[in-house]
Amino acid sequence: MYLCICKAVSDQQIRQAIREGVRTVGEVSARFGVGTECGKCLDSISEYVDACLAAPPEVPAPALALPPITQPAPPAAATDTAPVQTAWFAIDL
Ligand code: FES
């Protein structure tokens, strides 16, 4: 959602700026130029900045729980077959 229509600055951009250290509406204005045209956005941006700073820090999403990797069962022991050979490859890039 745009918080400053004149400069086409969204709430996401402002939230990202706050994550990067912006703490005042003046700093938001210095970064994006908000409030330098009609100025009607300054009050709402100031409230938004205050709300973002008052909110608890965002918690990163939990890592996905992946199932354990299982190895296929080894083939049944054969008595009269050739031994299993392992192939190795080397690729120069
Ligand atoms: Fe931000 Fe006009 S809406 S300067």
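In listed order, ligands and their atoms are each counted from 1.
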Does Leu42 share a hydrophobic cluster with Leu53, counting links as ILVMFWY side-chain heavy atoms below 4.5 Å and allowing steps through other members?
yes
Any protein N, O or S atom under 2.8 Å from atom 2 (Fe) of ligand 1? Found Cys6 SG, Cys38 SG
Spacing of CD belonging to Glu37 relative to SG belonging to Cys41, to within rounding of 0.5 Å:
9.5 Å
Closest approach of Phe32 to Val9 (non-hydrogen atoms, all atoms of both residues):
CB-CG2, 3.7 Å
Which heavy-atom pair separates Arg15 from Cys52 by the least distance, and what is that distance?
NH2-SG, 3.6 Å
Give every residue pair that meets the side-chain hydrogen bond (donor to acceptor under 3.5 Å, both in side chains) criterion with at least one member in residues 24-36, sequence neighbours excluded.
Glu20-Arg31
One pair to check against side-chain contact (heavy atoms from CB on, under 4.5 Å): Met1 and Leu3. What are the steps and the verdict?
CA-CA 6 Å; Met1 171 178 66; Leu3 293 181; 3.9 Å; yes
